[in-house]
2 protein chains.
Amino acid sequence: MLAKPLAAPLFSISAVERDTGLSKDTLRVWERRYGFPLPGRDANGERVYTAEQVEKLRAIKKLIDRGQRPGKLIGLSLEELRERSLAADAIAVDAGAAGESGLAEAVELVKAHHVDALRQMLRQAMVQQGLASFMLETAAPLNGMVGDAWMRGDLEVFEEHLYTEVMQGVLRSAIAGIPAQGRTPRIVLTTLPNEQHALGLLMAEGMFAMEGATCISLGTQTPVWDIVLAAAAQRADVVALSVSVAFPANVATDALADLRAKLPAAAELWVGGSNPGPQRRPVGGALVLRKLEDIPGAVARWRQAHAPSTAAAGDAAPSLRRFRARI
Amino acid sequence: MLAKPLAAPLFSISAVERDTGLSKDTLRVWERRYGFPLPGRDANGERVYTAEQVEKLRAIKKLIDRGQRPGKLIGLSLEELRERSLAADAIAVDAGAAGESGLAEAVELVKAHHVDALRQMLRQAMVQQGLASFMLETAAPLNGMVGDAWMRGDLEVFEEHLYTEVMQGVLRSAIAGIPAQGRTPRIVLTTLPNEQHALGLLMAEGMFAMEGATCISLGTQTPVWDIVLAAAAQRADVVALSVSVAFPANVATDALADLRAKLPAAAELWVGGSNPGPQRRPVGGALVLRKLEDIPGAVARWRQAHAPSTAAAGDAAPSLRRFRARI
DNA sequence: CATAAGTAATTGTCCAGGACAAATGGTTGA
DNA sequence: TCAACCATTTGTCCTGGACAATTACTTATG
């Protein structure tokens with residue numbers, strides 16, 4: 001349609017919506033109310049955002065997701081926003097400092113684009129630590145560090161892609177090596193539509209597989225209705241969703257409530273990932289797994305509750321009730 | 001937000017957007033133009049859709065995704081819409097009869113949701129045939145059949161997801177097993193933004209790896225600008241893109257021209273996949289690889305043209321000129 | 001002094017209805 | 001058979017108003 005004249009990438013309003021998680025309506029109303037962002041217009045009178053604007057919007061969104069308010073943030077410069085981010089990250093930074101175990105080195109490899117070295121390092125770490133602690137102590141924190149670095153603008157998009165691809169390869173081949181035990185629960189795994197982050201899902205699959213559960217992964221981005229169909233077709237005991245920070249929290253909450261309502265009552269809904277939505281306001285009837293470490297316990301609990309000797313199929317054992325706050 | 005009165009489940013416009021994949025704007029404009037759906041209004045004057053309306057919308061959307069047009073569909077009843085779905089399936093049976101090589105059987109496994117059986121069958125086929133012919137004779141045609149079946153509505157979205165996930169696992173572990181030879185050309189692989197089809201990309205990666213080329217995959221959906229950055233950072237000799245049928249042809253053509261203009265002249269641009277755009281109107285300066293089978297030849301040609309003894313770095317050898325129609 | 005209740009400001013989503021470009025379908029001429 | 005043209009269809013974007021849900025602040029009360 002239009003050949004871009006040069007290296008200044010511009011964004012349409014829908015591109016910005018996709019990149020920031022802020023709805024078109026919100027973007028327009030901010031412009032009206034706060035005077036930011038003030039995009040240019042193309043020949044057709046449609047909004048055209050610059051990369052800087054998008055970056056600032058992303059920084060603002062990140063802080064909003066942590067509970068701060070738009071009105072107070074919009075006036076700040078990108079630097080001031082980053083400061084606030086870092087202040088809020090204080091805890092995360094601590095964790096980063098604690099990671100003396102070569103994690104920082106791995107991030108450096110990403111920045112230096114040493115793909116092979118990174119892959120080798122990760123494989124080696126996995127062999128040394130075993131899959132379980134590799135995921136818990138290496139993959140999960142590394143994901144967090146890479147995600148933070150990307151948020152901070154420390155990493156280019158393609159560098160994050162490189163990392164994701166390498167880590168995905170390492171995790172997938174590891175998971176493929178876990179012997180299928182075919183035990184219950186049967187777990188259908190996926191992410192919500194527009195949620196592209198596959199690594200959280202893969203790690204969850206790995207954890208479940210190590211517990212001997214039967215995993216059926218649908219990959220990323222399954223429409224709610226198809227999750228329901230898949231759960232029925234696979235006679236799933238559990239539907240497990242991974243929801244990343246990047247995903248709009250309120251959309252997640254709504255979609256989860258919707259999904260819960262459509263799933264058969266006998267199927268449980270487990271939600272993992274770093275998204276603040278489900279963590280702050282748990283959806284009724286969904287079990288929130290804050291960390292990968294919670295997975296073995298959840299599986300054990302499920303098995304205890306569904307032990308063939310004690311409970312008949314269909315009614316949840318009392319011990320589980322605590323974890324399912326009905327609306 | 002709103003507690004549902006159990007008897008008649010009603011849907012807000014955002015719930016319908018989630019469930020059907022039709023945007024709020026589209027829902028409103030259909031109402032204005034076609035008089036369907038005509039939702040009720042709540043106390044606040046906001047649209048309230050019934051479950052029947054949502055179901056019909058979903059049926060319509062499914063047919064639209066297969067290429068039918070809204071205007072022709074909206075007048076039909078739910079039963080008539082279902083008929084059309086089934087009518088399209090009739091052809092599917094024919095096509096199924098053609099595949100004698102066990103491929104039809106694989107598709108049946110997908111429809112029956114026998115994930116484990118499918119995985120086992122694919123792995124076995126790969127061991128028997130070897131990676132090369134597995135990809136050419138099994139994976140590639142199977143992809144086509146699954147894609148066709150999905151287009152026809154023969155497969156649900158989640159069934160296509162299941163297939164993709166299983167095949168991806170099989171291919172990835174196979175590719176991981178190819179010893180890295182580290183030879184030239186260095187190839188950066190990815191897909192364009194909004195192009196989610198990962199299987200074509202993986203198969204291309206496998207083919208390249210078997211030729212001993214150095215593959216750096218960015219995964220799917222890399223923005224054009226980041227492809228350029230990645231190519232520079234990796235000192236790529238070739239950028240290889242996979243563009244599926246599902247991808248809008250003209251968008252592909254534009255994006256490719258854009259990419260070609262931004263890439264350094266020394267880097268070649270190779271385009272594969274089943275998309276008709278590049279095949280019909282080749283982008284200047286891009287080499288179109290119609291089939292996976294073309295890959296070994298392309299690599300061989302590149303090596304011949306860049307043989308260290310004959311040509312200095314930077315200028316393409318004459319034998320290559322034929323494949324690069326400059327604008 | 002703390003807590004509850006009420007008021008004010010903030011903020012996201014929805015609405016109407018106009019406009020327009022991209023995509024599609026059909027027609028004509030080479 | 002193919003290319004070029006015109007008409008129609010269709011999704012997205014626009015403006016600017018409205019309102020309910022949330023959050024922050026103030027005041028009355030134990």
Side-chain angles (χ1 to χ4, degrees), chain A residues 1-2 10-18 20-36 38-49 57 60-61 63-75 248-254 276-277 280-281, chain B residues 1-3 10-18 20-49 57 60-61 63-75 194 246-255 276-277 280-281:
Chain A
M1 178 174 39
L2 42 94
L10 298 175
F11 301 82
S12 73
I13 194 170
S14 30
V16 177
E17 176 179 42
R18 188 164 26 77
T20 64
L22 297 163
S23 77
K24 300 185 194 32
D25 273 327
T26 300
L27 288 168
R28 284 192 276 252
V29 95
W30 280 11
E31 182 180 337
R32 206 194 310 167
R33 287 198 187 128
Y34 310 121
F36 179 89
L38 273 177
R41 300 294 175 128
D42 65 6
N44 189 24
E46 304 192 345
R47 289 172 174 79
V48 176
Y49 297 83
L57 286 171
I60 292 175
K61 181 60 176 2
L63 290 169
I64 288 180
D65 284 342
R66 300 192 183 188
Q68 308 209 27
R69 309 208 66 187
K72 308 287 175 73
L73 298 170
I74 277 193
N250 53 346
V251 176
T253 312
D254 288 356
R280 291 171 75 91
R281 306 206 175 160
Chain B
M1 196 89 63
L2 41 90
L10 297 176
F11 300 82
S12 73
I13 195 170
S14 31
V16 178
E17 176 179 42
R18 250 210 332 273
T20 63
L22 298 163
S23 78
K24 301 190 217 331
D25 272 328
T26 300
L27 288 167
R28 284 192 277 253
V29 97
W30 281 11
E31 183 180 338
R32 206 196 308 167
R33 287 197 187 133
Y34 311 121
F36 179 87
L38 274 176
R41 299 293 175 133
D42 66 6
N44 187 24
E46 304 192 345
R47 289 172 174 78
V48 175
Y49 297 85
L57 286 171
I60 292 174
K61 181 63 173 6
L63 289 169
I64 288 179
D65 284 343
R66 262 178 260 162
Q68 308 211 25
R69 309 207 65 185
K72 308 287 176 72
L73 298 169
I74 276 194
N194 296 320
F247 198 80
N250 54 339
V251 178
T253 312
D254 289 353
R280 292 173 72 90
R281 300 196 184 169

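All chains are named by letter (A, B, ...) in the order of the sequence lines, taking the proteins before the strands, and each is independently numbered beginning at 1.
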Smallest separation among heavy atoms of [X] and [Y], with atom names:
{"X": "B:P70", "Y": "B:W30", "value": "CB-CZ2, 4.0 Å"}
{"X": "A:E17", "Y": "A:S23", "value": "OE2-CA, 3.6 Å"}
{"X": "B:L22", "Y": "B:K61", "value": "CD2-CD, 3.7 Å"}
{"X": "B:I60", "Y": "B:L73", "value": "O-CD1, 3.9 Å"}
{"X": "B:P39", "Y": "B:V48", "value": "CB-O, 3.3 Å"}

Find the distance [X]:[atom1] to [N]:[atom2] and express it as a whole number of Å.
{"X": "A:L22", "N": "C:dT11", "atom1": "CG", "atom2": "C1'", "result": "12 Å"}
{"X": "B:D42", "N": "C:dC14", "atom1": "CG", "atom2": "P", "result": "11 Å"}
{"X": "A:Q68", "N": "C:dG12", "atom1": "CD", "atom2": "P", "result": "14 Å"}
{"X": "A:E46", "N": "C:dA21", "atom1": "CD", "atom2": "P", "result": "9 Å"}
{"X": "B:E17", "N": "D:dG11", "atom1": "CD", "atom2": "P", "result": "14 Å"}
{"X": "B:L57", "N": "D:dG11", "atom1": "CG", "atom2": "P", "result": "12 Å"}
{"X": "A:D254", "N": "D:dA21", "atom1": "CG", "atom2": "P", "result": "14 Å"}

Under a 3.5 Å distance rule, please check whether B:T20 uses its side chain to pair with a backbone N or O of B:V16 as donor and acceptor.
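Flag set: sc B:T20 to bb B:V16 pair under 3.5 Å.
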Sequence neighbours excluded, which residues qualify as side chain to side chain donor-acceptor pair (under 3.5 Å) partners of B:R47?
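Expected list: B:E31.
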Residues from residues 24-34 of chain B sitting under 4.0 Å of DNA chain D, heavy atoms only?
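Contacts with DNA chain D under 4.0 Å: B:D25, B:T26, B:V29, B:W30, B:R33, B:Y34.
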Distance (rounded to the nearest 0.5 Å) between B:R28 CZ and B:R33 CZ:
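Answer for the CZ-CZ pair, B:R28 versus B:R33, is 13.5 Å.
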For A:G45 and for B:K72, locate the closest nucleotide of DNA chain D by heavy-atom distance; then report the residue assigned to the nucleotide nearer the 5' terminus.
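Its nearest nucleotide being more 5', the pick is B:K72.
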For [N] and [X] - does any side-chain N or O of the residue sit under 4.0 Å from the phosphate oxygens OP1/OP2?
{"X": "B:S23", "N": "D:dG11", "result": "no"}
{"X": "B:N44", "N": "D:dC19", "result": "no"}
{"X": "B:S14", "N": "C:dT13", "result": "no"}

Report for the helix from C:dC1-D:dG30 to C:dA30-D:dT1: angle between first-end and last-end helix axes, five pairs each, rounded to 10 degrees.
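Overall, the helix from C:dC1-D:dG30 to C:dA30-D:dT1 bends by 30° from one end axis to the other.
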Under the rule for salt bridge (charged side-chain N to carboxylate O under 4.0 Å, His left out), what residues qualify as partners of B:R32, not counting sequence neighbours?
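Expected list: none.
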According to salt bridge (charged side-chain N to carboxylate O under 4.0 Å, His left out), who are the partners of A:D42, at least two apart in sequence or on a separate chain?
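Salt bridge (charged side-chain N to carboxylate O under 4.0 Å, His left out) check on A:D42 returns nothing, list empty.
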Touch check for A:S12, heavy atoms < 4.0 angstrom, all strands: base, sugar-phosphate only, or nothing?
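No contact.
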Listing time: all N or O pairs from protein to nucleotides 7-9 of chain C that are below 3.5 Å?
none

